[in-house]
Amino acid sequence: MDLPCVEWQKHVEQKWSRLTLDEKKCFSSLLDIDEVFDFGLSQVNQEDVDFLSGISKDDPVQKDLERAARCRKEGNCSFKTRDYTAAVLHYSQGVCHASLSSEQLSLCYANRSAALFHLQRYRECLEDIDRALNHGYPSHLKHKLQDRQAQCLNHFPNGTEGITTAKQGAGHQAEGVCSRTNSTKPNPKSPNSQQQNGSASVSCLSPGLSVCFSPEKGRHLVATKGIAAGEVILEDRAYSCVLIPGVGGGRREETEEAGRVFGTEVRYCHQCLRETVSPVPCEGCSYARYCSEGCRRGAWEWHHRWECPIGAELSTAGVMSQLALRVALKAGVKEVLKAREPIRDADNDSKLIREKISANNSSSKPITEKIRPKMKNSGSSEATSTEPEVNDPSAYYHGDSYLSVYHLLPHLNGHAPSLCFLCSVTIATLYLRLRQAGPPPVSWERGGASESMTCSNQSRAPEDGEGWAPELSLLGSVALRHMLQLRCNAQAVSLLRDTGDFTAVQSTQEVRIATAIFPTLSILNHSCCPNTSLNFRTSHLVSPQPDRGSTDVLVSTEPVSTGPEACSAPVSVSAGVAVSIRASRDICPGQEVLHCYGPHSSRMVLCERRRLLQEQYHFLCLCQACSLEQGEGPEGGGAGPETHLQCGKCEGPVKCSVDSAGWFVCVRLSCGHRVSRSEMDLRLQEVRVQLEQAVDLLETDRPGEWRGAACQLERSVLAIRSQYGQDSIELGRQLFKLAQLHFNGGSPGPALSVISRARRLLSLHCGPHCPEVQELQSMEDCLQGVL
């Protein structure tokens, strides 16, 4: 749901069709985003706001005690059938729908603690027991919780530590969560204030990288020294992200009910995207939920206190609209005005930069040496001695700060006028709805809002709500800018989920769970055959010794432990989702660092890749893979791109012609054997059938069948290597499955041989400490002990 729902799109299409030809021409000629927003605002009235709210009623987000009671009843049914995972999910739904002062909330917490106990999630069980007691659990039933608490403590060496940790995890009511108007100043101890004060710079470039600028490529990363394959070259944290609702991805060990009913929004923290089994609910709506009190406070301080009353409308408006508004809310007027000071529009300023660079006859100019020693943190308003000139390209890279996000190109001229109109009207409607919901956001009341305001046509705006000055329409204009940016700069956040049951091999599935904006990752240009790999993780800022300095550490969030060691977890504050970029192959000095925007040469033909990239990103891809394939086409004298397939007649390499016929041709002139696309599709279908047979054998869980499955899987390994390459992550994951199969099938020799190959590839793309590599090491240690 990146774009708004279909009903809203049709509503806006009707408004577009009612515009006169002159009005459409006028709108299409606008080059300033402020003017584009003003035009959209002039077309919106109360009827549009009411229409958006009306179609949003199918997805209510307000608290509902009756629904909470139904969820608890459904959880009880699952509990009776010993489906404890589904029971926990049902109870969590009840927790989110129950109001703060209701008995239903304490009952849902108590019941969830019982299901968690049976799942051996003892720390979470203790936390829910504490929450139930704090929210008025009936006194005549308290003995049940006390007995369960004592049973939990038996699983900890020091029982009292379990109680202390549970109370820290359960926490108490977040300050200012219940009312938007109770807090008029940011909490100085909140995560938001920490970032605004500049204490948590996260984006980290390898010393061997430099941010450069050229008229052809814009900002891009170039290696200044040799980078070895597998080396981490960039760490970046999302400035903001939005969870994608309704996405499945239940584990196969879960029941059909659990996998069917509960989507991504129920399973993951809405702030840091960490998977959580016992979420902490928002106290104002039934939708938002978090993995901890720290995440709930962070989300409330940054954006959710203003999103909470209009959550249904935001869901209807789509992920891109919500993320754009969230970025603007988090930034605040102070950061926005600072970002707008050098320029009015990034597209216009890029022209000045191109003229300046052309005058200096520089084709690719490094720009990081001025700012990397003293990278400005997010929210910092203090200029340093290394502050670049106004129109210098280095003004467009500021680490993980909002400035880097703001100066991403919105490509206003690249989008279709009808799409720009849809974005403009959508953001304008959300802006009016936000004004009706209450006072303006605190982050937009820091003074100076009237400075540097040049938004035109303010007289056409409807009457302002309480506290909403006309100048605050800048919030809508900035949100529109970010929505247009996200069309080209949004990053899909994907996590690898374990979908396998307890059979011979682990089955995984890549699931897109969120959309995010990464300040530094957005600098990387595209290649259809990139030299980097991306790995996402949820992260927290932890202070193991808060009394000794203020240095924060970025750590990866591991699966929640059920053992005693869980009690010593450090206090953490939400840091959101982070990404690590590794070199997938050796990168030479002077070579550009590239990653894939989606269309990959191993999965898509040249014409389709270029079409998709042109439509969404507004450029003709001339990467090495595309240039090579184009040169090998009919005009270049070759047969077409490499397919990694083998000729059935002479076993020579086969290439695909780039004409409309799509023949697969053997490159050996002495052979010249050709196969039609339909025949090739039929043969590939036969391979798929063989793979399905291998999967069936894998799931029989009988050692006698594992060897047969391994034989089938080895054939698929050859196909994967041919299609994706011998250094691909796809091959690494397939080899990982094969290693598990040989290990569980009692074949130590083949297992050891495959383990070393799988470990090399998985370490290359995911790092030496990823769970798969650790499991391979354990298997190798076990086998070497036997041999």
Side-chain angles (χ1 to χ4, degrees), residues 1 4-5 8 44 46-65 67-68 95-102 105 173-184 186-187 190 192 240 242-243 245 265 270-271 279-290 295-319 321-330 332 426-445 462-469 472-473 475-476 479:
M1 256 192 89
C5 69
W8 180 253
V44 175
Q46 187 59 42
E47 292 181 0
D48 298 305
V49 179
D50 294 339
F51 181 83
L52 180 62
S53 299
I55 62 177
S56 303
K57 290 181 179 179
D58 294 336
D59 191 21
V61 297
Q62 64 268 24
K63 300 290 187 180
D64 187 341
L65 286 179
R67 187 169 179 181
V95 165
C96 292
H97 282 93
S99 56
L100 183 63
S101 58
S102 66
L105 179 61
Q173 178 177 329
E175 181 178 353
V177 169
C178 294
S179 173
R180 296 178 64 201
T181 59
N182 287 343
S183 175
T184 57
N187 184 352
S190 71
N192 186 39
S240 192
V242 169
L243 201 65
E265 70 275 16
H270 289 214
Q271 173 69 3
V280 180
C282 169
E283 295 172 357
C285 70
S286 62
Y287 179 71
R289 61 204 70 193
Y290 308 97
C295 275
R296 178 163 70 172
R297 286 194 296 268
W300 187 260
E301 291 290 333
W302 281 335
H303 52 78
H304 190 63
R305 70 169 70 226
W306 302 285
E307 292 180 349
C308 190
I310 63 170
E313 288 87 347
L314 287 172
S315 178
T316 301
V319 170
S321 302
Q322 184 175 1
L323 181 55
L325 183 61
R326 183 171 291 185
V327 171
L329 288 171
K330 179 180 177 180
T426 301
I427 293 297
T429 306
L430 289 175
Y431 167 73
L432 293 182
R433 180 67 184 89
L434 188 65
R435 292 200 318 179
Q436 296 173 357
V442 175
S443 60
W444 285 78
E445 287 184 333
E463 291 295 323
D464 296 304
E466 181 183 356
W468 286 83
L472 287 182
S473 63
L475 170 62

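Closest approach of W300 and C282 over heavy atoms only: CZ3-SG, 4.4 Å. Heavy atoms only, all atoms of each residue included: A328 and L475 are closest at CB-CD1, 3.8 Å. Scanning all heavy atoms of the two residues, the minimum distance from L430 to A317 falls at CD1-CB, 3.8 Å. For the residue pair W306 and P441, the shortest heavy atom distance occurs at NE1-CA, 3.0 Å. Across all non-hydrogen atoms, the minimal contact from D59 to A312 is O-CB, 3.7 Å. When all heavy atoms of A479 and L325 are compared, the pair lying nearest together is CB-CA, 4.1 Å.
Atoms CZ and CD, on R67 and Q62 in that order, are 9.5 Å from each other to the nearest 0.5 Å. Taking CG of D50 as the start and CD of Q436 as the end, the distance is 7.5 Å to the nearest 0.5 Å. With rounding to the nearest 0.5 angstrom, the CG atom of L323 is 11.0 Å from the CG atom of L314. With rounding to the nearest 0.5 angstrom, the CG atom of L52 is 11.5 Å from the NZ atom of K57. The line from CG of L434 to CD1 of I427 is 11.0 Å long, rounded to the nearest 0.5 Å. Rounding to the nearest 0.5 Å gives a distance of 11.0 Å between CD of Q271 and CG of L243.
Y287 pairs with exactly one of P245, C308, P60 by the side chain to side chain contact (heavy atoms under 4.5 Å, CB included) rule, that one being P245. Residue E301 forms a side chain to side chain contact (heavy atoms under 4.5 Å, CB included) with just one option from H303, H304, R305, and that option is R305.
Looking only at distances, a side-chain donor or acceptor of R289 sits under 3.5 Å from a matching main-chain atom of S286. No donor-acceptor pair under 3.5 Å is formed between the side chain of R435 and the backbone N or O of P440. In this structure, H270 contributes its side chain and E265 its backbone to a donor-acceptor pair below 3.5 Å. Remark: the backbone N or O of I55 is not paired with any side-chain donor or acceptor of W8 at under 3.5 angstrom. Between the side chain of K63 and the backbone N or O of C96 there is at least one donor-acceptor pair closer than 3.5 Å.
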What do the steps show when you test R296 against E283 for side-chain contact (heavy atoms from CB on, under 4.5 Å), and what is the final call? CA-CA 10 Å; R296 178 163 70 172; E283 295 172 357; 3.1 Å; yes
Walk me through it: do Q46 and V49 pass the test side-chain contact (heavy atoms from CB on, under 4.5 Å)? CA-CA 5 Å; Q46 187 59 42; V49 179; 3.9 Å; yes
Go through D48 and L432 one step at a time and tell me if the side-chain contact (heavy atoms from CB on, under 4.5 Å) criterion holds. CA-CA 10 Å; D48 298 305; L432 293 182; over 6 Å; no
Determine, stepwise, if the pair Y431 / V44 fulfils side-chain contact (heavy atoms from CB on, under 4.5 Å). CA-CA 10 Å; Y431 167 73; V44 175; over 6 Å; no
